[in-house]
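Here's the structure, in structure tokens; my notes come after.
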Amino acid sequence: MCFTTVSMNYDNAACQSVLHRIRTQRPFVYGLTNYVAATLSANVLLAAGAAPAIGAAPGWATGFGGHAGAMWINAAGLINCTAQDMHDAVTAAQGNGVPWVLDPVAMGAGVSQYDAIIRDLASGGPAAIRGNASEVMALAGGSATAKGVETTASITQALPLARELASSRGVIVAISGPEDHILAPDGRHVTVPGGDPMLTMVTGMGCALGGLVAACLAVTPTGPDRLVAVAAAHALYARAAEIAARSAQGTASFATGFVDALSRLQQTAGPGASG
Amino acid sequence: MCFTTVSMNYDNAACQSVLHRIRTQRPFVYGLTNYVAATLSANVLLAAGAAPAIGAAPGWATGFGGHAGAMWINAAGLINCTAQDMHDAVTAAQGNGVPWVLDPVAMGAGVSQYDAIIRDLASGGPAAIRGNASEVMALAGGSATAKGVETTASITQALPLARELASSRGVIVAISGPEDHILAPDGRHVTVPGGDPMLTMVTGMGCALGGLVAACLAVTPTGPDRLVAVAAAHALYARAAEIAARSAQGTASFATGFVDALSRLQQTAGPGASG
Amino acid sequence: MCFTTVSMNYDNAACQSVLHRIRTQRPFVYGLTNYVAATLSANVLLAAGAAPAIGAAPGWATGFGGHAGAMWINAAGLINCTAQDMHDAVTAAQGNGVPWVLDPVAMGAGVSQYDAIIRDLASGGPAAIRGNASEVMALAGGSATAKGVETTASITQALPLARELASSRGVIVAISGPEDHILAPDGRHVTVPGGDPMLTMVTGMGCALGGLVAACLAVTPTGPDRLVAVAAAHALYARAAEIAARSAQGTASFATGFVDALSRLQQTAGPGASG
């Protein structure tokens with residue numbers, strides 16, 4: 001297996017094509033996520049052009065999970081729905097070929113009962129897994145110990161286990177960090193540079209990225225392009241963060257500027273024009 | 001029955017009188033809504049001058065539902081409370097003559113189990129029902145199919161069924177759209193022009209409007225003025241949106257500007273002064 | 001017992017030392033709070049430099065409650081977790097010497113079933129209790145009746161009962177108001193002036209303060225300095241509010257400016273430099 005590493009940012013035509021498809025197709029994207037991140041996640045998806053719905057009202061997990069364009073499951077959503085809700089949503093998505101994203105928030109933080117639920121969900125055939133270094137290492141069977149929802153491991157530490165996770169499970173694995181790394185089961189490896197450290201100072205930014213990854217998958221039917229779709233979500237994030245950082249007065253105006261920038265990004269515009 | 005249609009906006013004295021009463025009476029408004037929209041809903045109500053409380057902590061549905069100045073039930077609140085909680089709140093409100101608003105979020109999106117709960121709630125004597133065209137059509141017995149929480153029907157399609165819903169149930173029916181339509185059981189019909197398309201790009205904006213309708217009802221004891229009260233909520237929304245759109249840099253700063261504008265609206269000020 | 005009253009604001013070196021310790025130690029702070037306030041609470045903690053986690057996913061109450069640097073329990077969190085979750089978290093915190101803060105939101109608003117749960121939690125040895133005047137009076141056994149989550153009592157009315165609560169339970173009691181009052185069991189009494197009335201027009205601002213009090217306690221191991229730590233949280237709040245009020249265009253931009261200011265506060269900067 002050869003590990004070809006390429007870099008992608010928003011100026012890449014493939015990335016802008018993904019955004020264009022979201023805006024023209026307006027995919028219905030369903031998520032089970034936590035109430036801390038839910039509002040930002042919905043606003044990120046709306047800004048990108050998708051049509052999100054969130055939460056496990058009676059019948060939604062099966063009904064929406066089975067009929068959405070794509071779905072994301074954020075493990076910390078267990079603060080407001082049951083493991084059964086998540087299981088039902090995954091079963092419905094699997095049964096209907098709906099691609100779904102698993103975000104193993106806070107895995108490896110020392111709560112084995114919680115970690116076991118995520119491990120079980122991971123066996124349900126996600127199209128992509130995204131998390132920080134600690135979370136991905138923990139899901140891959142490593143011994144990383146996170147600090148609540150924050151990573152204590154570096155991407156360098158996580159990469160070998162992440163590669164193994166991708167190839168053994170046949171899933172795209174994305175690790176967020178100062179530079180993001182997206183790994184395909186066939187050994188391809190995309191890095192996404194840029195972004196801004198303030199992304200880690202706003203709650204739910206990582207969680208909302210899981211939703212955006214789902215939106216990108218919703219407009220990318222299948223096959224090798226899905227690596228590009230997952231990378232595109234990260235590249236959109238990085239560019240919006242860079243634009244927001246230019247005029248931020250602190251972490252809250254950064255968040256406002258981030259969603260603003262995402263809502264204004266044009267699929268044909270370079271960094272100057274989009275700012 | 002004659003269908004008299006009048007137009008109302010924020011410059012209408014009756015609308016400003018409703019806002020003035022909210023600010024001077026500071027009504028306690030209780031809501032069962034979803035966690036995606038809850039924070040914005042509370043902030044919209046605070047900006048308007050009301051005192052909101054949200055959620056079904058033990059005893060709240062009965063205690064607050066029975067003693068609030070008004071209440072709103074957002075069906076998507078079923079992602080974080082039970083149908084029984086909603087039923088208890090409605091029973092308490094009915095028993096104490098507390099006016100309440102039903103927002104049938106995502107009704108008609110293809111989840112029959114969920115739709116049935118809303119249909120049951122609707123039989124509990126709401127003072128007003130507000131939703132988008134698909135939701136109102138679905139509640140009225142039509143066959144609209146929404147895309148998650150977004151409408152796929154036009155207001156023109158929804159109006160005949162909405163009129164029938166209003167007259168057969170004796171409830172005010174409000175449909176949000178490019179122009180809002182508010183229908184009374186006696187055939188009166190108010191349209192509210194204006195607003196801004198960005199209202200549909202911020203999650204929870206429709207949900208929060210349900211809360212504001214409740215606040216307007218809380219300060220409007222009974223009778224024909226309630227049509228004006230419901231329309232006033234829509235007119236306040238439209239004006240705040242227009243002010244926000246002038247300086248928005250994207251969807252998130254639009255949301256900030258919207259709440260800002262609502263918090264600054266003066267009951268005697270015209271559009272220039274309030275901006 | 002002598003009631004020595006001193007005033008503290010952000011220019012106080014002890015306050016800046018607390019902020020400095022949060023930024024350098026980055027304590028893990030765990031909270032059970034309500035979904036209306038959760039996002040703002042997490043963002044306030046991140047802006048101050050702490051590492052928050054929120055909610056009762058399976059195993060978290062015991063796991064995180066027992067291993068966090070500090071914890072806060074917001075009673076309105078009962079809208080999204082069970083009394084048992086809160087009890088488990090308190091037991092774990094107590095067993096591991098983790099300091100925790102109780103925020104008796106909406107106590108005394110007329111829902112006896114809910115008030116009883118808070119009274120039970122209060123017996124679990126919180127390091128601090130913070131609330132508005134009505135809530136503190138209700139918890140201290142007074143007859144205050146709140147209006148939902150808003151106070152109807154004045155601080156002057158609440159002080160005698162609050163002092164008694166502090167000394168009889170051996171707990172620091174903080175009452176938020178136009179001027180905040182923080183009372184130690186030994187009779188010491190700190191007032192924190194300043195802030196801005198807009199703090200009461202943004203939902204969750206009081207709730208998020210409970211989280212910040214926990215963060216300040218996390219970096220203040222024990223003993224008499226804890227009074228200073230609790231007061232410091234209030235002083236940080238007051239300064240950030242004053243900075244935000246200078247450029248706010250309404251209640252939403254005030255909230256953005258508040259978190260921005262908190263994220264920019266330097267432990268050595270005076271009010272001019274920090275603005």
Side-chain angles (χ1 to χ4, degrees), chain A residues 26-69 77 79-81 85 208 240 243-244 247 252-265 274-275, chain B residues 33-43 54-55 74-84 86 104-107 109-118 120 145-152 197-205 207-208 247-257:
Chain A
R26 199 164 177 71
F28 173 37
V29 183
Y30 176 57
L32 291 179
T33 189
N34 63 82
Y35 52 72
V36 188
T39 308
L40 179 65
S41 300
N43 281 327
V44 160
L45 284 168
L46 287 167
I54 288 174
W60 283 19
T62 296
F64 288 170
H67 294 97
I79 68 175
N80 44 234
C81 73
D85 290 328
I243 295 170
S247 56
S253 56
F254 172 78
T256 301
F258 175 84
V259 175
D260 273 359
L262 199 56
S263 74
R264 283 197 328 267
L265 279 181
S274 59
Chain B
T33 189
N34 62 83
Y35 51 73
V36 188
T39 308
L40 179 64
S41 299
N43 281 328
I54 287 174
N74 178 296
L78 290 165
I79 68 175
N80 44 233
C81 74
T82 64
Q84 186 64 48
M86 290 189 175
V105 180
M107 187 162 193
V111 184
S112 57
Q113 176 185 3
Y114 174 78
D115 290 359
I117 297 172
I118 305 179
D120 183 54
T145 301
K147 180 166 153 183
V149 300
E150 302 198 354
T151 189
T152 57
M198 266 193 285
L199 282 170
T200 65
M201 302 294 289
V202 177
T203 199
M205 276 290 183
C207 298
S247 55
Q249 302 293 308
T251 54
S253 56
F254 171 79
T256 302

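The sequence lines fix the lettering, A, B, ..., with proteins before strands; numbering per chain opens at 1.
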| message | Going by side chain to side chain donor-acceptor pair (under 3.5 Å), name the residues that satisfy it together with A:S263, two or more places apart in sequence or in a different chain. | response | none
| Non-neighbouring partners of A:D85 that pass side chain to side chain donor-acceptor pair (under 3.5 Å), sequence neighbours left out | A:T82
| Using non-hydrogen atoms only, which part of A:T33 is less than 4.5 Å away from chain B: side chain, backbone, both, or neither? | backbone
| request: Spell out the residues in residues 61-69 of chain A that have some non-hydrogen atom less than 4.5 Å away from a non-hydrogen atom of chain B, in order of number; otherwise answer 'none'. | output: A:G63, A:F64
| query | Can you tell me how far OG1 of B:T251 sits from CE of B:M205, rounded to the nearest 0.5 angstrom? | reply | 10.0 Å
| remark: Taken to the nearest 0.5 Å, the spacing of B:Y35 OH from A:N34 CG works out to 8.0 Å
| request: Specify which of B:V105, B:L40, B:V36, B:D115 makes the most heavy-atom pairs with chain A at under 4.5 Å. | output: B:V36
| remark: Nearest heavy-atom approach of A:A244 to A:G257 is CB-C, 3.5 Å
| Side chains of B:N80 and A:N80: is there a donor and an acceptor less than 3.5 Å apart? | no
Please report, to 0.1 Å, the donor-acceptor pairs under 3.5 Å made by any side chain of residues 42-60 of chain A, with sequence neighbours excluded.
residue : atom : partner : partner atom : Å
A:N43   : OD1  : B:T203  : N            : 2.7
A:N43   : ND2  : A:T39   : O            : 3.4

